[in-house]
Amino acid sequence: MKLSEDLAWRGLLKDKTFDDTAYLDQPKSFYWGVDAASADSLTVGNLAPLLLAQRLARAGWKAVLLVGGATSLIGDPGGKDTERPLLPREQVAGNISAIKGQVSRLFGDSQFQLVDNYDWFSSLGYLDFLRDVGKHFSMSELIQREYITERMGESGTGISYAEFSYSLIQGYDFWHLYKEFGVNLQMGGSDQWGNMLSGVALIRKKEGAEAQALSMPLVINKATGKKFGKSEEGTIWLDPAKTSETQFRQFWINVDDADVGDYLKFFTFISKEEFGQLMSEHNAHPENRQAQNYLSQKVTELVYGTGAGQAAEQIQKVLTGQTPIDSVDSQLLSALRKEIPVIAGKTSVIEALVSTGLASSNSDARRLLAAGAVYINGQSTQSEQFKPDDFKNGRLLLRRGKAYKDSAVIEQ
RNA sequence: GCUGGGGUAGUGAAGCGGUCAAACACGACUGACUGUAAAUCAGUUGGCAUUCGCCUUCGGGGGUUCGAAUCCCUCCCCCAGCACCA
């Protein structure tokens with residue numbers, strides 16, 4: 001299947017500056033950029049564009065991956081409804097180096113060139129920038145952009161000149177990479193569309209040449225209408241230290257039926273044929289969650305490496321009660337320790353709930369207890385004290401609610 | 001800098017001297033129903049105690065008052081308009 005057909009089938013083509021998608025079938029050079037303005041790790045939200053970049057690379061495109069050391073110092077206003085606080089420079093630098101490592105690792109065996117826009121911005125003077133770049137942008141055009149108008153006006157929350165200028169910086173990046181590496185396509189999420197066009201326009205004006213831009217749709221949770229990867233259980237990071245393998249895997253297993261098809265297309269390299277077969281099995285017996293299992297296995301392996309997910313599966317068995325807590329060996333227990341709190345010496349259920357973080361306060365713990373939301377070894381309890389025979393082999397499994405991740409091990 | 005409007009719990013948004021721990025909506029949490037899904041229904045949603053109750057909150061600080069989210073002063077931040085005549 002041609003790249004253009006594959007991307008169209010997956011629903012990855014939203015906006016593009018070229019008319020004929022056959023443009024994509026002659027490999028050239030493209031770039032995709034990511035910032036690190038707020039954290040030292042990418043999230044699942046970055047995964048879809050990253051994979052799109054990889055799809056291009058696999059089809060023979062030369063990949064330039066940009067990690068925004070300069071742009072992260074400013075903050076992209078696109079997709080944000082409030083001005084962001086600036087992080088200290090050292091912290092941004094730390095985030096950047098962490099994300100560089102992550103991008104390199106996640107891009108797998110495909111070839112790529114990693115660049116950092118700080119390398120060319122740090123020495124660029126403000127006056128030069130205004131003359132070379134700023135002069136080519138029309139103010140009335142810029143202030144009509146949606147992310148600007150949303151922030152200004154009566155209902156707006158305001159926008160600083162710094163964030164307002166972001167688009168020009170990104171435009172400059174594209175121009176720079178065009179000159180330096182012959183990059184003639186920029187791709188990204190649709191929230192980047194305006195920024196990408198800035199680059200296309202700049203290259204046209206400075207070089208008299210046509211560069212192209214391609215955006216993929218933002219991944220939306222169809223059930224909630226929310227942007228993907230946010231809020232549900234907090235952010236899902238692509239860093240084992242921030243989101244454990246088990247949590248990560250569980251996130252994908254919990255995907256709604258309505259979304260699982262789209263996610264398979266976005267987040268895996270499944271072929272059209274295999275997809276059709278898997279989905280027809282899934283639709284016949286949705287309760288088996290075959291599609292979700294496939295998805296979680298593939299994505300977990302992608303992010304955590306081949307063979308990942310097996311430890312997670314063992315832990316899952318303990319949490320769901322398939323493996324009794326007393327038969328857990330020391331090796332599994334130490335793996336478990338990374339996933340859930342393990343504390344000792346509590347006799348009060350309420351104290352245990354609070355100190356493991358399963359309840360936010362004593363009142364909260366009491367509420368949960370009264371609601372029958374507290375489980376000891378899988379059995380709902382209303383007792384405020386642990387009983388001696390709750391402990392099996394010196395430990396018990398305490399859980400809040402039916403979500404298995406909200407568990408803790410209590411040792412005697 | 002001037003004039004006007006505004007800053008209320010995770011978000012939006014009421015309240016404008018006591019009956020305000022603060023309506024309502026969304027979100028979040030829990031339960032029922034389920035397929036580790038969605039939808040639906042029910043409960044909870046500052047803290048402590050859980051029996052009356054007590055304590056800390058309404059941008060920051062300081063006042064007035066028996067009593068303030070509500071009035072006054074001041075500072076910070078946001079929005080709009082104005083900034084030669086004005």
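To find a chain, count down the sequence lines: A is the first, B the second, and so on, and within it residues start at 1.
A/Tyr375 has a side-chain polar atom (N or O) that falls below the 4.0 Å cut-off from OP1 or OP2 of B/rG31. For B/rC48, the OP1/OP2 oxygens have a side-chain nitrogen or oxygen of A/Ser361 closer than 4.0 Å. Contact annotation: A/Arg367 reaches the phosphate of B/rG47 (side-chain N/O to OP1 or OP2, under 4.0 Å). Between A/Arg366 and B/rA49, a side-chain N or O to OP1/OP2 separation shorter than 4.0 Å is present. The side chain of A/Asn362 contributes an N or O atom lying less than 4.0 Å from OP1 or OP2 of B/rA49.
With hydrogens and angles ignored, a donor-acceptor pair under 3.5 angstrom links the side chain of A/Gln250 to the base of B/rU36. Between the side chain of A/Asn288 and the base of B/rG35 there is no donor-acceptor pair of N/O atoms closer than 3.5 Å.
Comparing the same atom, C1', in B/rC71 and in B/rU65 gives a spacing of 9 Å after rounding to whole Å. On the C1' atoms, B/rU56 is 16 Å away from B/rA68, given to the nearest whole Å. Spacing of C1' atoms, B/rA80 relative to B/rC84, comes out at 23 Å, to the nearest Å. When the P atom is used for both B/rU8 and B/rA13, the distance is 8 Å, rounded to whole Å. Spacing of P atoms, B/rU57 relative to B/rG63, comes out at 15 Å, to the nearest Å. The gap from the C1' atom of B/rU70 to that of B/rG15 amounts to 8 Å, rounded to the nearest Å. Between B/rG59 and B/rG7, the distance separating the two P atoms is 8 Å to the nearest Å. Here, B/rC24 and B/rA38 have their C1' atoms 27 Å apart, quoted to the whole Å.
Each of A/Phe267, A/Tyr294, A/Tyr304, A/Phe266 was checked for a ring-ring contact (aromatic ring centres under 6.0 Å, His included) with A/Trp252, and the lone residue meeting it is A/Phe267.
The pair A/Lys242-A/Asp40 meets the salt-bridge criterion, since a charged nitrogen lies less than 4.0 angstrom from a carboxylate oxygen. In this structure, A/Lys392 does not pair ionically with A/Asp326, as no charged nitrogen and carboxylate oxygen lie closer than 4.0 Å.
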Enumerate all atom pairs, one protein N or O and one N or O from nucleotides 51-56 of chain B, separated by less than 3.5 Å.
none

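For the salt bridge (Lys or Arg N to Asp or Glu O under 4.0 Å) test, no residue two or more places apart in sequence or in another chain qualifies with A/Lys14.
Using modelled atom types and a 3.5 Å distance limit, the side chains of A/Ser167 and A/Arg145 yield a donor-acceptor pair.
A/Gln102 contributes a side-chain N or O that, together with a main-chain N or O of A/Leu238, makes up a donor-acceptor pair within less than 3.5 Å.
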